[in-house]
2 protein chains.
Amino acid sequence: MAQNDTVTRILDTAEVLFAERGFAETSLRTITSKAKVNLAAVNYHFGSKKSLIQSVFARYLDPFTERFHGALDELEARYAGKTIPLEELLETMARCVLEVPAERNSLKVFMRLLGLAYSQAQGHLRRYIQEEYGGVFTRFTALIRQATPELPDAERFWRLHFMLGTVIFTLSGLDALRDIAEKDYDEHVTVRDLVRRLRPVVVAAMQAPLPAPAPAPADAQEA
Amino acid sequence: MAQNDTVTRILDTAEVLFAERGFAETSLRTITSKAKVNLAAVNYHFGSKKSLIQSVFARYLDPFTERFHGALDELEARYAGKTIPLEELLETMARCVLEVPAERNSLKVFMRLLGLAYSQAQGHLRRYIQEEYGGVFTRFTALIRQATPELPDAERFWRLHFMLGTVIFTLSGLDALRDIAEKDYDEHVTVRDLVRRLRPVVVAAMQAPLPAPAPAPADAQEA
DNA sequence: CCACGTTTGAAACAATTGTTTATAACCAGG
DNA sequence: CCTGGTTATAAACAATTGTTTCAAACGTGG
């Protein structure tokens, strides 16, 4: 029990600190002292700081992907070859995202971690997540493709990432935004409230009219 | 000229490195060696690393806010008290965002810096930007408010941040996304292409139907 | 009870960080 | 040609970082 206790105590403390301050800004000494374990315990149990970070993600993403795959199985079975409506797909994903972290820590931590992973510049973390958990996302986008046959592939690709940005940005910066919202509109907003607000926006965004065709490239502007 | 040369060479190098690797991950030695200036030059000219970071932002945001204010002046004059349409407001902002960094470095760097500032966890940088440049944004949102009278204030607040997330997330992660898009759909996408794609999505998102009212809070879920 | 693999503990390590210091180079104005 | 303040340079500083080491404590199977 002592070993497991040390490992989970490190993970519990690390994920909170990472979410609060970022990866580079969180030292192993801060983690271990707050977790009341020895400094060397991190390198002993995880090997390195980098691998600790990945373990923090794995503890969220492993149960998520499993549950998400299951939910998609159930959905495909229910629709038996018929194309699943867009709302249903989004709803299912939202439900899985909400359910998994609710069992342990707050969803806020999970989203903040995801946001950090994406903003990590050189992106070896994003690559790890892509390689390890890209499967469900590929499966999900294939179903989205069937649900939005009117969209050109490239257009759908970009719109999905537009919405990914919306969700990650909003939920990962939730604390700051919530403070403003509470002060200015005195309403205490929960994550579920946000998902409720997100739903019509995401649907409308995905179903927005196609953009005007690109103008003739008179002089190409480098990006 | 020598002084100015050192200062701008530090800023030019720092903004690129910051955008590529983040703030904490970029050391002053990396900056100064790449900029071919002495290590102490940063502390001499800027005082500290933190203040160098702020200077990097100021060099983008000062001309941007000036130009944006001017554009809003011109818009208000043109509409002479009448409410400015939403599309026009968005168009104006997009134009200013596109024009300013085009004069010097790439827009990509600017957006990546903005994304980093927002994902910076403890957020003293976000606070600095808010205090220093919050004015234009307040003015802009007031105009947006007139353009979308059907939206409750809180709803508009959240939707604006949804869209802010879309823009920052997409444009700050542009390189990675562009690689995927080019590989999968072999289309070379420029920033202007993205803005063209963004336009109908943002408009549709802002005009999406209101969400269903919150269900009775049977058991409150902590966030 | 003993012995052995596993886990913890305190300390030290080597490397890197931002910042400061003291000296030298520069470059105008008298 | 000095002289004054401004800028550049090299070196050192103190603090912090991730990682390693090695001995002590632990706990379980013989």
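Quick note: numbers below take in every heavy atom, side chains included, and nothing from hydrogens, waters or symmetry partners. Lettering follows sequence order; numbering is per chain, from 1.
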*What nucleotide among C/dT19, C/dG18, D/dG18 has an atom nearest to a side-chain atom of B/Ser27?*
C/dG18
*Hey, could you give me each pair passing salt bridge (Lys or Arg N to Asp or Glu O under 4.0 Å) that has a residue in residues 156-167 of chain A? Not counting sequence neighbours.*
A/Asp153-A/Arg156, A/Glu155-A/Arg159
_Any donor-acceptor pair under 3.5 Å linking the side-chain atoms of A/Tyr44 with those of A/Asn38?_
no
_Within residues 29-41 of chain A, which residues have any heavy atom lying less than 4.0 Å from an atom of DNA chain D?_
A/Arg29, A/Leu39, A/Ala40
*Whole Å only: how far is the NE2 atom of B/His45 from the P atom of D/dT9?*
10 Å
*asked:* Does D/dA8 have its OP1 or OP2 closer than 4.0 Å to a side-chain nitrogen or oxygen of B/Thr6?
replied: yes
_Test side-chain contact (heavy atoms from CB on, under 4.5 Å) applied to A/Arg199 - qualifying residues, sequence neighbours left out_ = A/Glu91, A/Arg196
_Could you work out, with side-chain contact (heavy atoms from CB on, under 4.5 Å) as the rule, every residue matching A/Glu187, not counting sequence neighbours?_
A/Tyr185, A/Arg197, B/Ala154, B/Trp158
_NZ/NE/NH1/NH2 to OD/OE distance under 4.0 Å, B/Arg139 and B/Asp73_ = yes
*asked:* I'd like to check the side-chain hydrogen bond (donor to acceptor under 3.5 Å, both in side chains) partners of A/Ser48; sequence neighbours left out, ordered by chain and number.
replied: none
*Nearest whole angstrom, please: distance from the C1' of D/dA14 to the CG of B/Asn43.*
14 Å
*Of all the choices, D/dT6, C/dG18, D/dG18, which nucleotide is nearest to the side chain of B/Leu28 once you look at every atom?*
C/dG18
*Where protein sits on nucleotides 22-27 of chain C, one letter per nucleotide: B base, S sugar-phosphate only, - none, heavy atoms under 4.0 Å*: ------
